[in-house]
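Proteins get letters first, then strands, A, B, ... in listed order; numbering begins at 1 in each.
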Amino acid sequence: MTNEELAKKLETLSELLEITGENPFKAKAYLKAAQSIRAIPEDIRSLVRKGELEALPGIGKSISQQIQKYVEEGRLPLLEEIQKKIPIEIVELLKIPHIGPKTAKILFDQFGISNISDLKEALFTGKIKEARGISSKTLSKLRAALSNKELSYERMLLNEAEELSYRIREFFGKYHPEVNLMIAGSLRRGKETVGDLDFLIFGADSGKALSHFIKRTGNTSSVVEGEEITRVIDDKGVQFDFLITTEEKKGAALLHLTGSKEHNIRLRQIAKSSGNRLTHEGIFLKNGKLLTFSSEEELYEFLGLHYIPPELREDWGEIEAAKNGTLPKLLCSKDIKGDLHIHSDWSDSSASLEDLAYIAEHMGYEYISVTDHAKRLMVARGLTLEQLKARNEAIDEINEKYAGKIVLLKGIELNIDKDGQVDYEESVLKEFDFCIASLHWGLSSDRDKITERLIKVMQNPYVDAIGHPTTRLLLKRPEADIDFERVFEEAAKTGTLFEINSFPDRLDLPPRLIRLAKRYGVKFIIGTDSHSVSHLPLIKYGVTTARRGWLEKSDILNTFSLNELKDEIKKRRIERMKRYG
DNA sequence: GCCGTTTTCGGCCCGACTGTTTTCAGTCG
C-alpha cells in the first residue's frame, strides 16, 4: 500500500460523490485530501502511527478516520457504502471528453451504463438514440471521442513536449512573425510529463494566425474557436490550448495559464481576502475597476508576495515562503560545472572519450565523470578488469591531450546486487575518482529488502552516489517500493550523494523525494546518464527537476569546482571508512 | 468535509465555451 494508491482511492471516492450528487464541497474535500497525500514524501502509514494525519491540509476528523481504517484494514468505509448504490467502475466514464459527473449519472440511470465498453456498445449499436439531458450532438461527439480514445489520453515526456512546442513556435515565427507566443502550462513549470501544450498569444492578427494553425493541423472535428480561447487536437491526439491576450494583460494571463490550478486557487483566495478578484485579465478591485499587469512579477508584488518561479507553483508551501521571504534561491543551469554520469563506447554508449571531451569542453564544463557500466551488467557491456585498466589509460591520454580544457574523471556505474554488494573489490574501487551505484535488478522485490540493499551499499566507503534511486521509468514503470525515510536518514550519516538523473524518461529523484532528502541533510549530484554525445544537453531537465525540488546551488556537488569536488568526495570516503571500513 | 490573526457557521477560485433547459447547467482548464 502506497500513498499513491490511497490518493487514487480518495480521488475515486471524490468522483463517486460528485456522480451521486452529494454536496459538491464534500467531493472537493476528498479531492483535496488526495492531493495532500500525493504531495507528501512520508509514508502515510507512519503518519497514522504517529497520529499526525490531521496536521495535513484538507484532512480533518472524518477523512482521517477513513484513512485510518484503510491503513489498518485495507478498506474505506465510505467507498463501500457508495458501492452499494453505484458501481465504482463508473469513474472510467469521466475520462472521456464531454462526460462529467452529471452525464455519467444520466448514462447509468437511463441505460445502466457503468463502463467504457458498455458505452461503446450502446453508442455504436444505436442502443442510445436519444436521452433526456444528452443531445444528439453530444452523442456524436462521444462517438468521435471513443473511436480514437487511446490517442487522446497519453501524456508526453518533458523533452517531447518541449520539442513539440519549438515546432509550434517555428510555425508562428515563420508565417506570423507579428504575433507573440509564450509557453505556459505544465511545460513551463517543468513537470515530468505533460498532458497538453498551453500557449499565450497576443499581437495583431492573433485570431487569423490561429485559424491558419487550425487549418494546418488538419483535424477540425474537435476544434474550439472562441473569442479568447482556441483549442485544437492534432492527428496524434495532442491538445493545444491558446489563450488570446494583450500586451497589457499578459502578466495575469501567463500566471493563469501556467498554473498549477492549486497554485492559482491560492492566489485567488489571497486576492479575495482583501476584497479583490483575480482573473486571467488581472485584478478587479471592489469598485469593479480592472488593474492590468504586463508581468507576473508585478502581479505577485500586488498580492504581497515575492516572485515565485514556475517550477515551484504547485501549492507545496511556496506561497507561504513567498509571503515570508523564505523562497529558495534556485539552482541555475550555468551553475553546473560538470556532468557526473556519462557512459562511453567502452561500455554501451556510442560516444568515444574524445567525443565526450570535445562536447563537454564546448558546453563550458570544467570536468565530466565517465561512469561506464561495471562488469555484472552484461547487457550493457559492463567492463571486465582488463577493459577497465585499458579504459583508464585511455582516459589518461585524453586528459593529457585536453589539459587545461577539460578533465575526465575515472568513474563507474556499479550494480547493487541482492545483498547490497557491488561488482568489484575495494582494491579496484579505490582507483575510481567517482562511483555511482544503481539498482538494475530485483526492482519489484519487497520494501524491506530493497531498502536494506540500499542501506548496505551506502556503507561501502567507495560508493559516492546512488544513481536513479527510485528506478522509475516515466509512463512505463513505477517507482520501486523503498522506505526513503530510512534510506535518507542513513545517507545523511554515510554522506552518500543522491543523483538527480536528467534522462527525460527517468527524472529520478522525483521532486517530492528531493525535498525529503534535503530535510535529512542529504546532498545531490545531477547526471545525464548519457549514452550518446547528443544526450549531454539533457542536463537541463535534471536542473529543472532539482529546481522543482527547491534545491539551491550549494545542495548540488557538481556546482563545485574540480578541486572542491575531489576534496568533498575524499572527505566523505574517509568518513565512511572510519565508520564502516 | 474542511476551515478560521475579522469567522466554530457559512463560506468554499474563476471564467470561457457549448448546447439548449429563453436565463442557465455542464464541462473544462
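E314(A) meets the salt bridge (charged side-chain N to carboxylate O under 4.0 Å, His left out) test with R189(A), R548(A); sequence neighbours excluded. With sequence neighbours excluded, the residues satisfying side-chain contact (heavy atoms from CB on, under 4.5 Å) with L291(A) are I283(A), L285(A), K289(A), F293(A), F302(A). With sequence neighbours excluded, no residue forms a salt bridge (charged side-chain N to carboxylate O under 4.0 Å, His left out) with K32(A). Remark: E4(A) pairs with K8(A), R38(A) by the salt bridge (charged side-chain N to carboxylate O under 4.0 Å, His left out) rule, at least two apart or across chains. With sequence neighbours excluded, the residues forming a side-chain contact (heavy atoms from CB on, under 4.5 Å) with A209(A) are F172(A), H176(A), V179(A), listed by chain and number. Under the rule for a salt bridge (charged side-chain N to carboxylate O under 4.0 Å, His left out), E227(A) has no partner lying at least two apart in sequence or in another chain.
Residues from residues 26-48 of chain A placing a heavy atom under 4.0 Å of any atom in DNA chain B, listed by number, are K26(A), A29(A), Y30(A). For DNA chain B, the residues of residues 58-66 of chain A within the heavy-atom distance limit of 4.0 Å (strictly under) are G58(A), I59(A), G60(A), K61(A), S62(A), I63(A), sorted by number. The stretch residues 6-25 of chain A touches DNA chain B through N23(A), F25(A), each having a heavy atom under 4.0 angstrom from the strand.
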Donor-acceptor contacts under 3.5 Å from residues 16-28 of chain A side chains, at least two apart:
residue: T20(A); atom: OG1; partner: L16(A); partner atom: O; Å: 2.8
residue: T20(A); atom: OG1; partner: L17(A); partner atom: O; Å: 3.2
residue: N23(A); atom: OD1; partner: F25(A); partner atom: N; Å: 2.9

Side-chain donor-acceptor contacts of residues 501-515 of chain A below 3.5 Å, not counting sequence neighbours, with atom names and distances?
residue: N501(A); atom: OD1; partner: F503(A); partner atom: N; Å: 3.0
residue: N501(A); atom: ND2; partner: E499(A); partner atom: OE1; Å: 3.2
residue: N501(A); atom: ND2; partner: D529(A); partner atom: OD2; Å: 3.1
residue: S502(A); atom: OG; partner: G527(A); partner atom: O; Å: 2.7
residue: D508(A); atom: OD1; partner: T470(A); partner atom: N; Å: 3.1
residue: D508(A); atom: OD1; partner: T470(A); partner atom: OG1; Å: 3.0
residue: D508(A); atom: OD2; partner: T470(A); partner atom: N; Å: 3.0
residue: D508(A); atom: OD2; partner: T470(A); partner atom: OG1; Å: 3.1
residue: D508(A); atom: OD2; partner: T471(A); partner atom: N; Å: 2.9
residue: R512(A); atom: NH1; partner: E479(A); partner atom: OE2; Å: 3.1
residue: R512(A); atom: NH2; partner: E479(A); partner atom: OE1; Å: 3.1
residue: R515(A); atom: NH1; partner: W316(A); partner atom: O; Å: 3.0

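Within 4.0 Å of K102(A), counting heavy atoms only, lie sugar-phosphate atoms of the nucleic acid but no base atom.
For the pair D198(A) CG and dG15(B) C1', the interatomic distance rounds to 15 Å; values are reported in whole Å.
Between Y175(A) and F213(A), the distance separating the two ring centers is not shorter than 6.0 angstrom.
Not one side-chain nitrogen or oxygen of Q239(A) sits closer than 4.0 Å to the OP1 or OP2 atom of dC28(B).
Identified under the salt bridge (charged side-chain N to carboxylate O under 4.0 Å, His left out) test for residues 45-62 of chain A, with sequence neighbours left out: D43(A)-R45(A).
Look at dG1(B): its Watson-Crick or wobble partner, with both distances under 3.5 angstrom, is dC12(B).
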